[in-house]
Amino acid sequence: MNKESAKKKIGFSSIVALLLGIGFIAVGIYNIITLRLDAKEYKNTTDIRTVDALVLEAHPYKSKDSYGRIEIKSYALKISFKVDGKTYTTKGEIFPDHPAFHNNILPGETIPFEVYRTSNGMYKTLPQNNPVDFLLACLMIPLGAVFFLALAHDLRPPKKDTQKTGVNEKRK
């Protein structure tokens, strides 16, 4: 392998990592904006209602308690519900404080689920805006900036040797 091919590989991997850094920044900004808009829209809604939702998929999040017993902390659900004759399919999450929470939620069950009307007339499940999601979105921006700055430095062309030798010598 010659020096030129090694430089090309370093350049290509640096460009990919640079684009990855830009992607982290973009995703972080998008998530922050989305979280804030969802929270604002929910706060300003005029129609919050409880509907009967059909569970299409249920994925439990489990953890062990201090005695080694496995507890289900929450369920990530894919649900389908009908409001004003229109059927919506979306994702949602329920926690132990939800009235339909029990230890074995299965697809095909019908559970009560709270939804709200958005500004464009569609219905969505309540936003699960927790501080951890917001913190992760905020951390993606500096992480992307570190990738971007570190690899932008790597892509700079090398400095040329600017020393002049023998220019000021006088000829006799």
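Bear in mind the structure is a predicted one, so any value in this text is a computation, not a measurement.
- The two residues L54 and G108 come nearest to each other via the heavy atoms CD1-O, 3.4 Å.
- Every residue two or more places apart in sequence or in another chain was checked for a side chain to side chain donor-acceptor pair (under 3.5 Å) with T50, and none qualifies.
- Residue S80 comes nearest to L56 through the heavy atom pair CB-CD1, 3.9 Å, listed as atom of the first residue, atom of the second, then distance.
- The closest side-chain heavy-atom distance from L35 to D133 is below 4.5 Å.
- Taken from OG1 in T89 to CD1 in I79, the straight-line distance is 9.0 Å, to the nearest 0.5 Å.
- You'll find the side chain of L18 reaches within 4.5 Å of the side chain of F148, heavy atoms only.
- Not counting sequence neighbours, K91 has no partner by the side chain to side chain donor-acceptor pair (under 3.5 Å) test.
- Listed by chain and number, the residues in a salt bridge (charged side-chain N to carboxylate O under 4.0 Å, His left out) with D97 amount to none (sequence neighbours excluded).
- Under a hydrophobic-cluster definition in which Ile, Leu, Val, Met, Phe, Trp and Tyr are linked whenever side-chain heavy atoms come within less than 4.5 Å, directly or via other members, I72 and F95 are assigned to different clusters.
- Put simply, the side chain of Y123 does not reach to within 4.5 Å of the side chain of V51, judged on heavy atoms.
- Taking the ring-ring contact (aromatic ring centres under 6.0 Å, His included) definition, one finds that Y42 meets it with Y116, sequence neighbours left out.
- For residues 101-120, no pair satisfies salt bridge (Lys or Arg N to Asp or Glu O under 4.0 Å), with sequence neighbours left out.
- When the side chain to side chain donor-acceptor pair (under 3.5 Å) test is applied to S119, the partners found at least two apart in sequence or on another chain are E41.
- Residue pairs meeting the ring-ring contact (aromatic ring centres under 6.0 Å, His included) criterion with at least one member in residues 44-80, sequence neighbours excluded, are Y75-F101.
- Residues satisfying the side chain to side chain contact (heavy atoms under 4.5 Å, CB included) test with D52, not counting sequence neighbours, are T110.
- For residues 57-72, the set of pairs meeting the salt bridge (Lys or Arg N to Asp or Glu O under 4.0 Å) definition, not counting sequence neighbours, comprises D65-R69, E71-K73.
- When hydrophobic residues (I, L, V, M, F, W, Y) are linked wherever their side-chain heavy atoms come within less than 4.5 Å, I70 remains an isolated member.
- Residues D38 and K43 are not paired through a salt bridge, judged by the lack of any N-O separation under 4.0 Å between the basic side chain and the carboxylate.
- In this structure, I94 and I105 have side chains that are in contact, with non-hydrogen atoms separated by less than 4.5 Å.
- Taking 4.5 Å as the limit, some side-chain heavy atom of I32 sits within range of a side-chain heavy atom of I141.
- When the side chain to side chain contact (heavy atoms under 4.5 Å, CB included) test is applied to A100, the partners found at least two apart in sequence or on another chain are H98, I111, P112.
- In this structure, the side chain to side chain donor-acceptor pair (under 3.5 Å) partners of S74, at least two apart in sequence or on a different chain, are E93.
- Rounded to the nearest 0.5 Å, atoms CZ (F113) and CZ (R49) are 16.0 Å apart.
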